[in-house]
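Single-structure report; data block below.
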Amino acid sequence: MLDLDLLRSFVSVVDAGGFTRAGERVHRTQSTVSQQIRRLEMSCGRELLNRNGKRVGLTEEGERLLPYARRILALAEEAHHVVARSDSEGIVRLGLPEDFAANRLAQVLARFARAHPRMRLDVRCELSVRLRSDLERGELDVILFKRDAGEAGGIALWPERLSWVMSRSHPIDTRRDPVPLVVFPQGCLYRNRAIHALEAAGRSWHIAYLSPNFTGIQAAVSAGFGISILPQVAILSDHQVLGAKDRLPKIPNTELALMASSDASPATRRLAELITNFCQIDARRRVPA
């Protein structure tokens with residue numbers, strides 16, 4: 001049998017990238033965490049981590065164990081809260097950017113809902129600038145939103161790489177002005193980046209297609225209405241990535257951040273932890289080989 005505390009320390013070491021920060025996460029000393037990893041390795045009969053000074057990496061056996069460890073911990077958490085929940089668990093109000101709300105977080109939210117059948121989960125899909133404002137006004141409990149890279153604050157954050165894209169089937173001469181843009185409504189971080197970058201480069205532009213959702217933006221780009229800025233995860237197979245050779249300026253990257261209210265309930269903090277784990281795994285899958 002695999003000990004849950006040992007698995008929790010193992011996952012924390014992997015996510016934190018070392019024993020010291022992992023100890024802070026699980027509220028144990030560095031030496032205690034190190035001993036727990038040794039006990040887990042003895043239990044499995046395999047080395048799970050490569051230790052190279054302060055840097056820690058997974059062995060082949062550790063890579064095999066990691067997804068199982070995450071699933072075991074998630075199921076244990078779910079089982080605990082199903083058994084121990086009170087009659088009324090209130091409401092958790094979650095805010096998400098539109099590209100995450102569609103299906104990328106569906107399994108995480110469904111798992112949370114199953115573990116808390118007496119709780120109402122309210123999900124709001126908005127532009128990131130509005131999500132942050134709603135959190136500050138107390139209208140949301142936890143948000144996953146996009147912001148300029150390097151801003152302070154947040155439970156966790158993940159870098160987001162942006163690219164200019166156009167249609168493969170209906171290419172546009174991006175060297176000619178005005179540049180036709182496919183954009184979100186005002187307030188969108190991507191829209192602001194596209195316009196500011198073009199104006200800083202001395203290029204003129206016009207809005208050829210305006211859509212409030214990613215599906216509309218993706219379809220308009222594919223149809224050849226114009227060019228747009230999209231994150232790596234939203235680029236389709238019929239989109240062509242553009243660059244300096246197309247007379248387009250470089251776009252500063254953004255980041256995805258998770259924030260919760262200062263008086264977040266235990267259920268809100270548990271949901272934030274589930275979202276953090278999901279985004280950690282999702283980010284690793286998107287790292288180029």
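Please read all numbers here as calculations on a predicted model, not as lab measurements. Side-chain atoms are counted along with the backbone in the values below, which use heavy atoms only and exclude waters and symmetry mates.
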- Message: Using modelled atom types and a 3.5 Å cut-off, is there a donor and acceptor pairing between side-chain atoms of Arg203 and backbone atoms of Pro249?
- Response: no
- Does any non-hydrogen side-chain atom of Asp177 lie less than 4.5 Å from one of His206? no
- Query: Are the side chain of His239 and the backbone of Gln218 linked by a donor-acceptor contact shorter than 3.5 Å?
  - Reply: yes
- Query: Which atom pair, heavy atoms only, marks the closest approach of Val56 to Gly18?
  - Reply: CG2-CA, 4.2 Å
- Query: Between Val142 and Ala272, which heavy-atom pair has the shortest distance, and what is it?
  - Reply: CG2-CB, 4.3 Å
- Query: Mind checking whether Glu160 and Asn253 have side chains closer than 4.5 Å, heavy atoms only?
  - Reply: no
- Message: Salt bridge or not between Glu41 and Arg38? Use side-chain N to carboxylate O under 4.0 Å.
- Response: yes
- Do Met166 and Pro171 come within less than 4.5 Å of each other through their side chains, counting heavy atoms only? yes
- Message: Is any side-chain heavy atom of Arg193 closer than 4.5 Å to one of Pro252?
- Response: yes
- Taking all heavy atoms of Arg270 and all of Glu77, pick out the closest pair and write down the distance. CD-OE2, 3.0 Å
- Item | Passing option when Arg132 is tested against Glu139, Glu151, Glu126 for salt bridge (Lys or Arg N to Asp or Glu O under 4.0 Å) | Glu151
- Message: Looking at Ser222, is its backbone amide N or carbonyl O close enough to the side chain of Asp238 to form a donor-acceptor pair, meaning the two atoms are under 3.5 Å apart?
- Response: no
- Message: One thing to verify: whether Arg39 and Asp5 come together as a salt bridge, which I'm taking to mean a side-chain N less than 4.0 angstrom from a carboxylate O.
- Response: no
- Message: For Glu199 and Trp205: C-alpha separation, side-chain torsions, deciding distance, then whether side chain to side chain contact (heavy atoms under 4.5 Å, CB included) applies.
- Response: CA-CA 8 Å; Glu199 290 183 345; Trp205 54 271; 3.2 Å; yes
- Query: When rounded to the nearest 0.5 angstrom, what distance separates CG in Leu198 from CD1 in Ile195?
  - Reply: 8.0 Å
- Message: Using the rule that Ile, Leu, Val, Met, Phe, Trp and Tyr join whenever any side-chain heavy atoms are under 4.5 Å apart, tell me whether Tyr190 and Trp164 fall into a single cluster.
- Response: yes
- Query: Run the side chain to side chain contact (heavy atoms under 4.5 Å, CB included) check on Leu181 and Val179 step by step: do they pass?
  - Reply: CA-CA 6 Å; Leu181 293 178; Val179 179; 4.2 Å; yes
- Query: Does the side chain of Leu66 come within less than 4.5 Å of Leu48's, by heavy atoms?
  - Reply: no
- Query: Going hydrophobic residue to hydrophobic residue with side-chain gaps under 4.5 angstrom, can you get from Leu96 over to Met119?
  - Reply: yes
- Query: Does Arg124 reach the side chain of Arg130, with side-chain heavy atoms less than 4.5 Å apart?
  - Reply: no
- Query: Is there side-chain contact between Ile172 and Pro180, with at least one heavy-atom pair below 4.5 Å?
  - Reply: yes
- Message: Could you report the tightest heavy-atom contact between Gly95 and Leu140, atom names first, then the distance?
- Response: CA-CD1, 4.0 Å
- Using a distance-only test with no angle check, is there a side-chain donor-acceptor pair under 3.5 angstrom linking Ser12 and Ser9? no
- Query: Checking Thr254 side chain against Ala149 main chain: does a donor-acceptor pair fall under 3.5 Å?
  - Reply: no
- Message: Between Glu47 and Thr59, do the side chains contain a donor N or O and an acceptor N or O under 3.5 Å apart?
- Response: no
- Using distance alone, with no hydrogens and no angle criterion, decide if Thr29 and Ser31 have a side-chain donor and acceptor under 3.5 Å apart. yes
- For Leu242 and Val165 the tightest heavy-atom approach is CD1-C, 4.0 Å
Could you tabulate the donor-acceptor pairs under 3.5 Å formed by side-chain atoms of residues 256-264, not counting sequence neighbours?
from: Ser261; atom 1: OG; to: Asp263; atom 2: OD1; distance (Å): 3.3

- Taking atom types as modelled, find out whether Arg137 and Ser133 have a side-chain donor-acceptor pair closer than 3.5 angstrom. yes
- Task: Assess whether side chain to side chain contact (heavy atoms under 4.5 Å, CB included) is satisfied between Ile227 and Leu248, documenting all intermediate values.
- Result: CA-CA 10 Å; Ile227 68 172; Leu248 292 173; 3.8 Å; yes
- Under the ring pair (Phe, Tyr, Trp, His ring centres under 6.0 Å) test, residues paired with Phe184 that sit two or more places apart: Phe214
- Message: Starting from Val11, can I reach Leu4 by hopping between I/L/V/M/F/W/Y residues whose side chains sit under 4.5 Å apart?
- Response: yes
- Do Leu236 and Ile229 share a hydrophobic cluster (ILVMFWY, side-chain heavy atoms under 4.5 Å, transitive)? no
- Message: As a quick check of understanding, evaluate side chain to side chain contact (heavy atoms under 4.5 Å, CB included) for Arg147 and Leu157, giving each step before the final call.
- Response: CA-CA 10 Å; Arg147 67 184 186 185; Leu157 57 90; 3.4 Å; yes
- Query: Between Arg51 (side chain) and Leu49 (backbone), is there a donor-acceptor pair under 3.5 Å?
  - Reply: yes
- Heavy-atom closest pair (Pro97 atom, Ser128 atom, distance to 0.1 Å) is CB-OG, 4.4 Å
- Query: Same cluster or not: are Trp158 and Leu131 linked, directly or through other Ile, Leu, Val, Met, Phe, Trp or Tyr residues, by side-chain heavy atoms under 4.5 angstrom apart?
  - Reply: no
- Message: I'd like to check Leu94 versus Leu144 (side-chain heavy atoms, cut-off strictly below 4.5 Å). Are they in contact?
- Response: no
- Query: So, are Arg93 and Asp122 salt-bridged, with charged N and O less than 4.0 Å apart?
  - Reply: no
